[in-house]
Protein chains: 2
Amino acid sequence: MTATARTVPADSASADSSRADAASADSARISLAVSTVIFALRADADATAASLRLPLVRRIREPFKGRWALPGGPIEAAESLSAAAGRNLVETTGLRPTYLEQLYAFGDVDRSPGDRVVSIVYWALVRSEEADLAAEGDNVRWFPADDLPDLAFDHNTIVDYALWRLRTKMEYSRIAHAFLGETFTLSELREVHEAVLRRPIDPANFRRQMEGSKAIIATDQLLTGGRHRPPRLYRYNASVELTDNGPLTSS
Amino acid sequence: MTATARTVPADSASADSSRADAASADSARISLAVSTVIFALRADADATAASLRLPLVRRIREPFKGRWALPGGPIEAAESLSAAAGRNLVETTGLRPTYLEQLYAFGDVDRSPGDRVVSIVYWALVRSEEADLAAEGDNVRWFPADDLPDLAFDHNTIVDYALWRLRTKMEYSRIAHAFLGETFTLSELREVHEAVLRRPIDPANFRRQMEGSKAIIATDQLLTGGRHRPPRLYRYNASVELTDNGPLTSS
DNA sequence: CCAAAAGTGTTGAATTTACACCCATGA
DNA sequence: TCATGGGTGTAAATTCAACACTTTTGG
């Protein structure tokens, strides 16, 4: 906060910066991994409403042997960070996400007992049908996002942050579509918002908001079968970006 | 997008995840670095208005020898990512930031010719007085943020993204204070917003907005010396968080 | 006095929010 | 027919945006 003497001249500066893109002895000792927080909306036990859930894997080695942890793994030399996250997610849980975004790089010195690990963490959204197909076994299990056990490493903190990002982004972005199929009713879309944000939303106002945003396009199909007026099916408007990540649309 | 067969069972999953926090042969070949995009508001050439500027360092080695690049360097084994960014920033430019936040991890396979480098990039804000003291030499120079030369690596992309984050965050956060001193007038605060967002702001509405937000506290001092009515000095309200980073306030 | 920026008031537009009410279907 | 959600209308409340006007200093 308070300014003190600075004595490093410009020349030593550029010497340092030249090392920036070559591994030093120090950074070689730091290992790099990728992990992913995966969210899906799944029916509650009482099946009355959907709730946010995420899959965790059980650790079979020390440290934290037996504890639940985020799925993750190493980064291969020939793949980008997002590719590593996507590949690892399929390998560990069998899930294919409809949305994948980098969350944060966690690198505190003591976050992994014994060695030094920097984890690039991604977060992903998968559709409900996709989540239903996912294998669940002794070593992979779905947990309610708001009520997790004590996880390995700093993974509770990571999930908290991912949850915050999801909820924040839900309010100004269109990621809700990532939970749904090709076409959907406005009720389904609204229920996604309600489940994530954990508060009721006025259907009338929600409809106008969505229609005004140009994010969705009405199809000419209605969904029959319910014992009420058949709702119109909508489609995601592909000409509008899903989320605004600024100049970072590609990787 | 379309679902295909998934055959990986849960058991191989947890085997993978157990490697997540130990270095594999692959990830050991990836080197890790930290870089920082540093912003300051500095007087224009004609001194009529302030504009966003950032310091770059000249590379003295291949690849990209002679090109301008973001200050950066390796991460030491015993320091956190933010500590590495802060230390490196002082070493290369002599600047002490009032604000430092992680921006993004860049890790495309081909971003550094020859070797594989993952860069954890931070962005920082420094006060104008601080920026004025910074040494400028052959190998460190300030550039207008909106008009940069071709930089080394993917650094143009990185700066674009940092600029977008700064401008986005300026609209819903209180980071403007990070450019100013302990006390400031509402005009000074408004001029920060105008310089960053590159558009004029109505002084009357801006005043009400700020006063209503509880982000600033009026002191009992006025700033005399101008040839007009002396403006009141304000102070940043420390009981309100500078920015909302969710559960990530510490590291 | 005048110029210039500080600070206050006011008004209309746009947006948000709450809620009444009609519509179309299955049972 | 009734129950149920689909869908439209509307009005109050709040926020936003533009700009007129008064205040206080230095020159």
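Throughout, protein chains are lettered first and strands after them, A, B, ... in sequence-line order, and every chain is numbered starting at 1.
Contact annotation: the side chain of A/Leu52 never approaches that of A/Asp146 to less than 4.5 Å [non-hydrogen atoms, C-beta and beyond].
To the nearest 0.5 angstrom, A/Thr243 atom OG1 is 7.5 Å from A/Tyr172 atom OH. For the atom pair CG (B/Leu163) and CG (B/Leu54), the distance works out to 7.5 Å, reported to the nearest 0.5 Å.
The distance between atom CZ of A/Arg232 and atom P of C/dT25, rounded to the nearest whole Å, is 12 Å. Atom P of nucleotide C/dT16 and atom CE of A/Met210 are separated by 12 Å, given to the nearest angstrom. Atom OH of A/Tyr172 and atom P of C/dT15 are 21 Å apart (whole Å). Look at CD on B/Gln209: it is 16 Å from P on C/dT8, rounded to the nearest Å.
For B/Asp244, the salt bridge (charged side-chain N to carboxylate O under 4.0 Å, His left out) test picks out no residue, with sequence neighbours left out. Residues forming a side-chain hydrogen bond (donor to acceptor under 3.5 Å, both in side chains) with A/Ser51 (at least two apart in sequence, or on another chain): A/Asp44.
Under a 4.0 Å N-O distance rule, the pair A/Arg42/A/Asp132 qualifies as a salt bridge.
Judged as a salt bridge (charged side-chain N to carboxylate O under 4.0 Å, His left out), the pairs with a partner in residues 171-191 of chain A (not counting sequence neighbours) are, in order, A/Glu171-A/Arg199, A/Glu182-A/Arg235, A/Arg190-A/Glu194. Counting only residues at least two apart or in different chains, side-chain hydrogen bond (donor to acceptor under 3.5 Å, both in side chains) contacts with residues 210-232 of chain A comprise A/Glu211-A/Tyr234.
For DNA chain D, the neighbouring residues in residues 217-230 of chain B, judged by any heavy atom under 4.0 Å, are B/Gly226, B/Arg227, B/His228, B/Arg229, B/Pro230. In the region residues 186-208 of chain B, proximity to DNA chain D at under 4.0 angstrom, judged on heavy atoms, holds for B/Asp202, B/Ala204, B/Asn205, B/Arg208.
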